[in-house]
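Can you keep this structure in mind? I'll have questions shortly.
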Amino acid sequence: GAVVSQHPSRVICKSGTSVKIECRSLDFQATTMFWYRQFPKQSLMLMATSNEGSKATYEQGVEKDKFLINHASLTLSTLTVTSAHPEDSSFYICSAPSSGGYNEQFFGPGTRLTVL
Amino acid sequence: SQKIEQNSEALNIQEGKTATLTCNYTNYSPAYLQWYRQDPGRGPVFLLLIRENEKEKRKERLKVTFDTTLKQSLFHITASQPADSATYLCALRRAGTALIFGKGTTLSVSS
């Protein structure tokens, strides 16, 4: 199947700093990517839909000024957590749908963010 | 509101037995339903997709059923192995957008 990578896999930062997470589709183009957040023993919660060349669509309750999404190319979407706080500590996962429709999705390996 | 429930948080079975996981949904009329496997600290991996007009789908030791009347899908792993131990997620596609996931069932297969 197609491969989606994320970088970094793990990040620890101080409260108040900003953290950027990259999501890349390695062997296919993705006009749309999705960002999820997962707390321990919880389900993946959709945060936003990243659209290449246009603004991201955020889910209700997700602050767009705090979670900045940029989809600058057909293979790269970035999520920047601005002014991170300990409650932002979570597992962030991106995904991209397979070509030809929104059938199966290919997920990145995830990024573990810990805010001290 | 739309809900997906996987009513067993954990399932423990012995090697060789069949594991059966349940996914129920409400306020949805999905065209298809998907199952994913997630290992600790990793992203989910796609396993199977079943469409609304399909009653059953198989892939090797995996079998999925889809009952749109009951609004339920069952996910079976036959001849289970310790390597099958993971969290299994049921997912539905929201119209035009991303997948919505259940909380998952963590399967533990003991040898």
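Every chain is numbered from 1 and lettered A, B, ... according to where its sequence line falls, protein lines coming before strand lines. These numbers come from the heavy atoms of this one structure, side chains and all, not from hydrogens, waters or symmetry mates.
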Donor-acceptor side-chain pairing of B:H76 and B:T20 below 3.5 angstrom
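Looking only at side-chain atoms, B:T20 and B:H76 do form a donor-acceptor pair, the distance falling under 3.5 Å.
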Do the ring planes of A:F107 and A:Y36 sit parallel (below 30°), tilted (30 to 60°) or perpendicular (above 60°)?
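Because their plane-to-plane angle lies in the 30° to 60° range, the rings of A:F107 and A:Y36 count as tilted.
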Residues A:E104 and A:S98: side-chain donor-acceptor under 3.5 angstrom:
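The answer is no; no qualifying pair exists.
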Heavy-atom contact with chain B under 4.5 Å, split by part of A:I93
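For A:I93, side-chain heavy atoms alone lie under 4.5 Å from chain B.
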May I ask you to check whether B:Q38 and A:Q38 show a side-chain donor-acceptor distance below 3.5 Å?
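Side chains of B:Q38 and A:Q38: pair found under 3.5 Å.
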Heavy-atom pairs under 4.5 Å with chain A - which of B:G41, B:G104, B:A91 has more of them than the others?
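That would be B:G41.
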Chain A contact via B:Q6 - which portion, at a heavy-atom distance below 4.5 Å:
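Neither the backbone nor the side chain of B:Q6 comes within 4.5 Å of chain A.
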